[in-house]
Number of protein chains: 2
Amino acid sequence: MVETARRREIEDVASTLFRERGYAGTSVRDIARAMDIQGASLYAHVASKQDVLRAIVERMASRFEHAADDALKAIDSPDGEATPTARLAALTRAHVEVVTDDLGRATVFVHEWRSLEPDLRARMSKRRDTYERRFRTVIADGVDSGEFATVDPAAAAAFILTALNGLVAWYRPDGRLEPAAIAELFTDLAVRAAVGTDELGR
Amino acid sequence: MVETARRREIEDVASTLFRERGYAGTSVRDIARAMDIQGASLYAHVASKQDVLRAIVERMASRFEHAADDALKAIDSPDGEATPTARLAALTRAHVEVVTDDLGRATVFVHEWRSLEPDLRARMSKRRDTYERRFRTVIADGVDSGEFATVDPAAAAAFILTALNGLVAWYRPDGRLEPAAIAELFTDLAVRAAVGTDELGR
DNA sequence: CCTACCGATCGGTAGG
DNA sequence: CCTACCGATCGGTAGG
């Protein structure tokens, strides 16, 4: 299946429906109806319903990965890496920007990847873990450098990343907060969380 | 439908399956098969598949609400409320404890409430918002008292609460971290996040 | 992209 | 809790 405009449109429509009703709760005919064509006609463009989910999830995985790459590249200098604080902030901002820029696909990526067939699901699970490891590593680096005092980098990374992903549940393009404002707020919240317990005096 | 042991068992089994495959992705026969009875036999105990989801979600909503009530009651003194820091920590710990104590139902509560029929879904949405408001209010109180410097209590509350709910995606009863350890780590992360930007010097 | 159609499965009911 | 069954809908194919 080649990527065509029509195929991309199917992905867009499916993202919205999967987001609202889930993958299993959305029928091929639901997708077709939203495009004013017959259910069977979809199969001129896609191999299967699963194929549509796969395309959405893989596209988003790539977007998140590239956004993280670019964000770090932009702040690391040729001589060495930026500080862990700056790097965690960059990763956070990049993640929020992708979510707010493509809310439909991002929601499917976050919530519906479990509906992938076993092989793909396993591969995507590894890919997600590799992505999360970037957060873990940056936090662990910050602990080593003394910038962060977090007791457990893995737990902190999971806490932060799921908070960022939770954005898909409450972000509204017409809501009170602009994407840029959310990116700033979340960057501060994430960095603050990572700083840890030492200065808290409890 | 009265609450019987068998009915409770259906809820348990359904929670596990809904957690793994989602509400729409789980058939009535899947639930029955896991109990070694026929699909139709389930209807001697429940009115409908939706009825099972409703029971799970409402039970968990009550548990989260009561846990928050009890947690605050335990630290507020008769003369006045505890500090916002202590109250936020108490709410966080209570939430984590409920999630780790009933992971199956908690996951369904977090992920599958969208599959409730419109009326129930709307009421549950309000109930969830009321619960989230407790976090918002405590954070706003902390900003007023000067303990927290968070710029936006609503965003901070959403960040923290979705991070806590994200626990359903990665907590494993046989995992590295005990519930009590997670509760401590998450309490610190949440309180730290709320402290805000002022001391960060960026 | 359509019409016509397939077997399988869905949630649920009747009647015991 | 079972057998037998219902109409509706599912993902997908054939053939144009």
Side-chain angles (χ1 to χ4, degrees), chain A residues 1-58 108 111-121, chain B residues 1-58 108 111-121:
Chain A
M1 292 283 168
V2 250
E3 160 111 28
T4 61
R6 199 65 170 150
R7 161 131 195 161
R8 181 66 178 254
E9 195 187 337
I10 292 172
E11 254 190 62
D12 285 335
V13 169
S15 294
T16 303
L17 293 174
F18 290 169
R19 169 177 157 79
E20 289 168 3
R21 321 175 188 181
Y23 175 76
T26 303
S27 74
V28 168
R29 284 161 179 83
D30 289 336
I31 301 170
R33 194 178 308 119
M35 297 178 68
D36 276 314
I37 60 175
Q38 296 299 313
S41 303
L42 272 179
Y43 290 88
H45 306 284
V46 302
S48 64
K49 182 183 165 188
Q50 177 77 198
D51 181 44
V52 178
L53 176 63
R54 182 199 52 71
I56 294 169
V57 172
E58 289 191 334
V108 175
H111 283 142
E112 302 301 329
W113 70 279
R114 287 157 218 273
S115 296
L116 289 169
E117 279 165 9
D119 276 15
L120 251 171
R121 182 185 155 137
Chain B
M1 293 285 165
V2 247
E3 160 111 26
T4 61
R6 201 65 171 148
R7 159 129 200 167
R8 182 64 178 255
E9 196 187 335
I10 293 173
E11 254 190 62
D12 285 334
V13 169
S15 293
T16 303
L17 294 173
F18 290 169
R19 167 177 158 81
E20 289 168 3
R21 322 175 188 182
Y23 176 75
T26 303
S27 75
V28 167
R29 284 162 179 82
D30 289 336
I31 300 169
R33 193 177 309 119
M35 298 178 68
D36 276 315
I37 59 174
Q38 295 298 312
S41 303
L42 273 178
Y43 290 88
H45 306 283
V46 302
S48 63
K49 183 183 165 188
Q50 177 75 201
D51 181 43
V52 178
L53 176 63
R54 182 198 52 70
I56 295 170
V57 172
E58 289 191 334
V108 175
H111 282 143
E112 303 300 330
W113 69 279
R114 288 156 219 274
S115 295
L116 290 168
E117 278 164 11
D119 276 14
L120 252 171
R121 181 184 156 137

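Naming: A, B, ... by sequence-line order, numbering from 1 per chain.
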Under 3.5 Å, N/O pairs linking protein and nucleotides 3-10 of chain D:
unit_1, atom_1, unit_2, atom_2, d
D/dC10, OP1, A/S27, OG, 3.4

Could you go step by step and tell me if B/I31 and B/F18 meet the side chain to side chain contact (heavy atoms under 4.5 Å, CB included) rule?
CA-CA 9 Å; B/I31 300 169; B/F18 290 169; 4.2 Å; yes
Start with the C-alpha distance between B/V57 and B/E112, add both sets of side-chain angles, then the distance that settles side chain to side chain contact (heavy atoms under 4.5 Å, CB included), and finish with yes or no.
CA-CA 8 Å; B/V57 172; B/E112 303 300 330; 5.7 Å; no
Carefully, step by step, assess B/K49 and B/V52 under the rule side chain to side chain contact (heavy atoms under 4.5 Å, CB included).
CA-CA 5 Å; B/K49 183 183 165 188; B/V52 178; 5.7 Å; no
Side chain to side chain contact (heavy atoms under 4.5 Å, CB included) between A/E58 and A/L120, intermediate numbers included
CA-CA 10 Å; A/E58 289 191 334; A/L120 251 171; 3.5 Å; yes
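Checked by atom type and distance alone, the side chain of A/R121 pairs as donor or acceptor with a backbone atom of A/R114 at under 3.5 Å. With hydrogens and angles ignored, the 3.5 Å screen pairs a side-chain donor or acceptor of B/Q50 with a backbone N or O of B/E117.
Nucleotide C/dG11 holds its C1' atom 17 Å from the CZ atom of B/R54, rounded to whole Å. Counting to the nearest Å, the P atom of C/dC1 and the NE2 atom of A/H45 are 4 Å from each other. If you measure from atom CG of B/D36 to atom P of D/dC2, you get 9 Å, rounded to the nearest angstrom. Atom-to-atom, CG of A/L42 to P of C/dC1 comes out at 9 Å; the value is rounded to the nearest Å.
Listed nucleotides D/dT13, C/dC1, D/dC1 differ in distance to B/I37; the shortest reach to its side chain belongs to D/dC1.
A salt bridge does not link B/D119 with B/R54: none of the charged nitrogens is closer than 4.0 Å to a carboxylate oxygen.
Remark: DNA chain D forms stems of 3 or more consecutive Watson-Crick or G-U wobble pairs, all pair distances under 3.5 Å, at C:1-16 with D:1-16.
Listed by first and then second residue, the salt bridge (charged side-chain N to carboxylate O under 4.0 Å, His left out) pairs that reach into residues 33-47 of chain B are B/D30-B/R33, sequence neighbours excluded.
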